[in-house]
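Just so you know, these numbers come straight off a predicted model, no measurement behind them.
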Amino acid sequence: METVSHHGRETAYEVVDRGHDGPPICCIHGSGGSRDVWEGQRALADQAPIALIDLSGHGDSDDIDASAGYSALSAYADDVLAVVEATDAEVLVGSSLGGAVVLQILLEREYDPEAVVLTGTGARLGVLEDLLTWLKSDFDQAVEFLHGPDRLFHDPDPDQRERSVERMRECGQAVTRRDFLTCHEFDVRDRVAEIDTPALAVYGEHDQLTPPWFHEYLAEEIDGGGLAEIEDAAHLAMVERPAAFNDVVDEFLAEVDSERGRDWY
């Protein structure tokens, strides 16, 4: 694990570097998560260095004193850009809330990545009112709901599900609730068409939290946006079907590479 200091706090991240010269990738987890949600993406390091980040208040990163919504989202964007600067990352891969962070960066920050992958996310991320209530008053119920059929997972290995529950409990009620409230307030539908960065929207076939049409909208609105389905998966497709997820990411980056006349892939 490494850390980078910025804005009075330290953000933790891990780099997987196997000596390949593809464009460095930074992976950003979702609500109540941490960098270890990307365990299955270590294989991407066979093409390029991978940086796995803990957003503020998650994993090994310092927390922030920020209210849910725009303030928290901006702080998370600061975390990502600090790691981008430390690792020279050129590609962003964001899951769920992490996808919202990526969209925030594309729309409001000066950093212009070579490409982005948006998975389990959308231009708007409204959250079920019952879930918001449980996140405030019955965290156990919220965690169980999220791990129900076709939400975070479609048909997970029991160990996958158990580790996911443990990860969310480690993150804690306050930070997880802040994450979901931040998602609930997120809405860039009126601006997403401004994005012209090569983007791939990847969805799990059975995802009920951010259904396929969320991703279809992104692919349609973003100039040159692409779309990929991961079969037999739900919201955390990269966890549930890592090989299939990695294949579509590799294919997408190879296409971007070819269009730009390079030979990294």
Side-chain angles (χ1 to χ4, degrees), residues 1-14 26-40 51-80 82-83 94-102 104 119-121 125-148 151-153 156 158-186 208-210 234-236 238-240:
M1 183 194 78
E2 302 181 51
T3 61
V4 57
S5 298
H6 66 101
H7 297 86
R9 62 184 184 272
E10 290 197 342
T11 293
Y13 65 98
E14 182 179 357
C26 180
C27 296
I28 306 114
H29 63 78
S31 299
S34 68
R35 68 182 187 274
D36 67 0
V37 77
W38 300 103
E39 186 68 26
L52 313 174
I53 183 175
D54 284 336
L55 296 174
S56 289
H58 304 73
D60 294 304
S61 289
D62 292 343
D63 203 358
I64 45 171
D65 182 15
S67 57
Y70 187 85
S71 294
L73 191 66
S74 294
Y76 293 156
D78 290 338
D79 296 337
V80 172
V83 172
S95 168
S96 198
L97 169 67
V101 175
V102 171
Q104 174 86 353
T119 183
T121 195
L125 291 173
V127 177
L128 186 72
E129 289 294 340
D130 283 348
L131 177 55
L132 293 176
T133 298
W134 294 328
L135 285 164
K136 182 178 181 179
S137 61
D138 190 346
F139 190 51
D140 289 343
Q141 177 65 30
V143 173
E144 285 304 308
F145 172 82
L146 289 165
H147 289 85
R151 294 182 186 120
L152 293 180
F153 299 104
D159 289 342
Q160 277 182 344
R161 185 185 187 280
E162 182 179 348
R163 179 63 192 115
S164 180
V165 169
E166 179 185 338
R167 184 186 302 117
M168 192 164 285
R169 293 192 185 284
E170 288 173 352
C171 188
Q173 182 172 0
V175 172
T176 302
R177 179 169 179 259
R178 181 179 71 202
D179 288 349
F180 276 96
L181 286 169
T182 297
C183 286
H184 191 58
E185 292 188 20
F186 181 74
Q208 293 183 0
L209 296 178
T210 52
H235 192 64
L236 296 180
M238 71 285 190
V239 176
E240 200 166 11

> Is S95 close to V37 at the side-chain level, that is, under 4.5 Å between some pair of heavy atoms?
Replying inline: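 SC-SC contact between V37 and S95 ruled out.
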> Which is it for F153 and V239 under the side-chain contact (heavy atoms from CB on, under 4.5 Å) test, yes or no, and what are the steps along the way?
Replying inline: CA-CA 9 Å; F153 299 104; V239 176; 3.7 Å; yes
> What pairs of residues pass the salt bridge (Lys or Arg N to Asp or Glu O under 4.0 Å) test when at least one of them lies in residues 62-72, not counting sequence neighbours?
Replying inline: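 Sorted pair list: D63-R178.
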> Would S34 and C171 count as a side-chain contact (heavy atoms from CB on, under 4.5 Å) if you check the C-alpha gap in whole Å, the side-chain angles of each, and the deciding distance to 0.1 Å?
Replying inline: CA-CA 8 Å; S34 68; C171 188; over 6 Å; no
>> Quick one: does any side-chain atom of Q104 pair with a main-chain N or O of L73 as donor and acceptor, under 3.5 Å?
In response: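 A pair under 3.5 Å: no.
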> Is a side-chain N or O of S71 found less than 3.5 angstrom from the main chain of S67, in a donor-acceptor match?
Replying inline: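 Checked: no pair found.
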Nearest 0.5 Å please: distance from the [atom1] atom of [X] over to the [atom2] atom of [Y].
| X | Y | atom1 | atom2 | value |
| --- | --- | --- | --- | --- |
| L146 | L152 | CG | CG | 5.0 Å |
| D179 | H184 | CG | NE2 | 14.5 Å |
| Q173 | F139 | CD | CZ | 6.0 Å |
| F180 | L131 | CZ | CG | 5.5 Å |

Using the test side-chain hydrogen bond (donor to acceptor under 3.5 Å, both in side chains), find all partners of [X] that sit at least two apart in sequence or belong to another chain.
| X | value |
| --- | --- |
| E170 | none |
| S96 | H235 |
| D140 | R169 |
| T182 | none |

Report the residues that fulfil salt bridge (charged side-chain N to carboxylate O under 4.0 Å, His left out) with [X], sequence neighbours left out, ordered by chain and then residue number.
| X | answer |
| --- | --- |
| D36 | R163, R167 |
| D130 | none |
| R9 | D79 |
| E39 | R42 |

Which pair of non-hydrogen atoms, one from [X] and one from [Y], has the smallest distance, and what is that distance?
| X | Y | result |
| --- | --- | --- |
| A100 | L125 | CB-CD1, 3.9 Å |
| V80 | C26 | CG1-SG, 4.5 Å |
| S5 | E10 | OG-OE2, 3.4 Å |

>> Would R151 pass as a cation-pi partner of F145, given that its NZ or CZ must be under 6.0 Å from the six-membered ring centre and within 45 degrees of the axis?
In response: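 Satisfied, under 6.0 Å and within 45°.
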>> Suppose we screen for side chain to side chain contact (heavy atoms under 4.5 Å, CB included). Which residues come up paired with A12, at least two apart in sequence or across chains?
In response: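 Result, side chain to side chain contact (heavy atoms under 4.5 Å, CB included) vs A12: M1, T3, R35, D54, D60, S61.
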> Who are the ring pair (Phe, Tyr, Trp, His ring centres under 6.0 Å) partners of H58, not counting sequence neighbours?
Replying inline: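 Once residues adjacent in sequence are excluded, the partners of H58 under the ring pair (Phe, Tyr, Trp, His ring centres under 6.0 Å) criterion are H29, Y76.
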> Can you list the residues that meet the ring pair (Phe, Tyr, Trp, His ring centres under 6.0 Å) rule with Y70, with sequence neighbours excluded?
Replying inline: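 By the ring pair (Phe, Tyr, Trp, His ring centres under 6.0 Å) rule, Y70 matches no residue at all.
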